**Student:** 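Pasting a structure here, questions to come.
This one's a predicted model, so the numbers in the text were calculated from it and none came from an experiment.
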Number of protein chains: 2
Amino acid sequence: MATIRDVAARAGVSVATVSRVLNGNGYVNKETARRVRQVIQELNYRPNMVARGLANRKTGTLAVILPDIKNPFFSELARAVEDTARAGGFTVIFCNSDDLGPREKSYIEVLRQKYIDGIIIASNTLEEEDVAYINDNDIPLVVLDRGPGDGSCAVFRAKNADGAKKAVRHLIDTGCRKVAHIAGPEALVTARERLKGYREVAGAFSWFDESLIEPGHFSVEGGKGAVRRLLERHPDVDGIFAGNDLMAIGALKALQRMGIKVPDQVSICGFDGVEMTEWTEPELTTIAQPIYEMGAKATHYLIDRVRGRAEPKAVVELDVRLIQRGTTRRGTD
Amino acid sequence: MATIRDVAARAGVSVATVSRVLNGNGYVNKETARRVRQVIQELNYRPNMVARGLANRKTGTLAVILPDIKNPFFSELARAVEDTARAGGFTVIFCNSDDLGPREKSYIEVLRQKYIDGIIIASNTLEEEDVAYINDNDIPLVVLDRGPGDGSCAVFRAKNADGAKKAVRHLIDTGCRKVAHIAGPEALVTARERLKGYREVAGAFSWFDESLIEPGHFSVEGGKGAVRRLLERHPDVDGIFAGNDLMAIGALKALQRMGIKVPDQVSICGFDGVEMTEWTEPELTTIAQPIYEMGAKATHYLIDRVRGRAEPKAVVELDVRLIQRGTTRRGTD
DNA sequence: CTGAAAGCGCTAACAA
DNA sequence: TTGTTAGCGCTTTCAG
């Protein structure tokens, strides 16, 4: 492969000059520049990014750490990140953390050794010290969903509590008289926020009871189990707000298995708005987060920071919206 | 951050010696080594991977190019690749190609400039010249599903035609009297192989007709449309073999929408065995590819090649297996 | 067994 | 405007 030296030699200039035309900085005579570009073409020269990285401490690579790429929510997010990164001339490294703190830490360490330009992380185990470490090493960071309390880094998240309220209100507006909640893991802020939203709206009704809240682990299986336990305790539940779409799908499945009609006997509303919610029959009503937009915005922001524009801190809360579909009754209009 | 120089100075040895203990090659006095390691601890020194990469032409990074990470088949594959890479001390760059040839080419170019150690690609547009280019640059390559005719690189794939035959036979064994096929894009080898398998088995029956084959574009929407057109032409179809699970899900959905009972009136069998097939009601019968295993094996092989073990060529065909579930009737046993 | 020194390919002062 | 040169941090001959 041709190196910058080859180009310089063939163009009869120094490597510095070639570097200048390559990076478009410093003064270069028009004609000289033309000649250099010409040679670059002839030799089909491409700068070596590793050498450049060593010299610059910039590698044109971003990293995204997320719990599990198989989770449709995260794969949609990942897609948004990669698209945006590509458009900006960056390449991206993916890391599955399974929400394991030590794994995240070890990734962060490796990424630092590799001079990664910036990190996007969707984590619930990230600690303040990790953020501090990343900041100390001057690695731009953006956190999805969760930000350390002190606002020491940028955060992008959806309005979770707000969405939950919308969900419960919608269920009630469409005729439900007793709405239960299948909750995500307490360890996750997003799950807690959604639970909070549920409590806020449902708590005002006389039928409300703490036992209407059942954990479902954010998984399809969890959703199935939760709905069974719930109906055993409260056979009269006629509305279910699931903390995410996977659990909603599990709930739908379990209900169908039990011979309970959705939405005639029980309505369901999920949360997230992953594509899959259109694949069930009936299709799932859900509170849609702007997943792609969230990934794209986070990445744009990160790139801006890498390039030295943009503040190191920022908190962006994205709006969610109700998508009414088959698992809830038509509005009483 | 501490550099190898700092370590050398503090340990009172040369950088060469530190490098030797770091890489465990060359002779190093036991005691000297101990001291060096001690200092490494004290300084919490971590080698700079970029510098190492420049010197070695090895970056500890693999890349995987696939059509779309949002497709559950590929996200499961991606997960397998990342897990295996991590276990081997590698980091992985993901690229979404959308099966666009030019995009793949530009990725390959960038990856070369970044001294990526090896590439895994699931592509249907990869041309012989691309493979040649990669080979010329000594980048280990493994192809999933499709290999260029001349066997110029390693290929990992499932037994597609074989699986298709299993599917059709299963449908017939469980009582279907007229089995249609929703086919994937002709451009894709996997789709062609599955179609071939279908033809081979179905073609032997008197009811067989070319118009029982309908394209469904490997997508949920495509599956829906295909099933509608199919039933219009052949109202007596009672078995559907979909070329992949997404189309099978679409088919199931469309049938349910039309009020047709699955599997009582029409049976369905998919292909791939993605997790989602357990999320429908009834659950989907499918021909499962060992997706995770395929990704893991491909990655293991790639890593072996990067390390200089393993032959540059290899063709591995993995077995598929029928998973019978709710969308086909119980066997007539 | 250890060290000096020449790269790997590019960037960025500093001179000219 | 352009060239010289000293790094960036690590590996690897080649001597000793």
**Student:** For residues B:Ala78 and B:Ile69, report the shortest heavy-atom separation together with the two atoms involved.
**Tutor:**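 Minimum heavy-atom contact is CB-CD1, 3.5 Å.
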**Student:** Ignoring hydrogens, what is the shortest heavy-atom contact between B:Asn96 and B:Tyr107? Give both atom names and the distance.
**Tutor:**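 Taking every non-hydrogen atom into account, O-CE1, 3.8 Å.
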**Student:** Check each residue of residues 29-44 of chain A for a non-hydrogen atom within less than 4.0 Å of any atom in DNA chain C, then write out the ones that pass by number, or none.
**Tutor:**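 None - not one residue of the stretch has a heavy atom sitting under 4.0 Å from the strand.
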**Student:** Looking at B:Glu76 and A:Lys70, is there a salt bridge between them, counting it only when a charged N and a carboxylate O are closer than 4.0 Å?
**Tutor:**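 Here A:Lys70 does not pair with B:Glu76 in a salt bridge, since their nearest N and O are not under 4.0 Å apart.
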**Student:** For B:Tyr45 and B:Asp6: C-alpha separation, side-chain torsions, deciding distance, then whether side-chain hydrogen bond (donor to acceptor under 3.5 Å, both in side chains) applies.
**Tutor:** CA-CA 9 Å; B:Tyr45 164 76; B:Asp6 302 325; over 6 Å; no
**Student:** Is the backbone N or O of B:Ile139 less than 3.5 Å from a side-chain atom of B:Asn137, with the two atoms forming a donor-acceptor pair by type?
**Tutor:**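 No, B:Asn137 side chain to B:Ile139 backbone: no donor-acceptor pair under 3.5 Å.
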**Student:** Can any side-chain N or O of B:Asp130 pair as donor or acceptor with the backbone N or O of B:Glu127 at less than 3.5 Å?
**Tutor:**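 Judged by distance alone, yes, a pair lies under 3.5 Å.
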**Student:** Between protein and nucleotides 8-16 of chain D, map the contacts as a letter string: B base, S sugar-phosphate only, - none, heavy atoms under 4.0 Å, written 5' to 3'.
**Tutor:** BBBSBB---
**Student:** Could you report the tightest heavy-atom contact between B:Val15 and B:Ala8, atom names first, then the distance?
**Tutor:**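 Between these two residues, the closest heavy atoms are N-CB, 3.7 Å.
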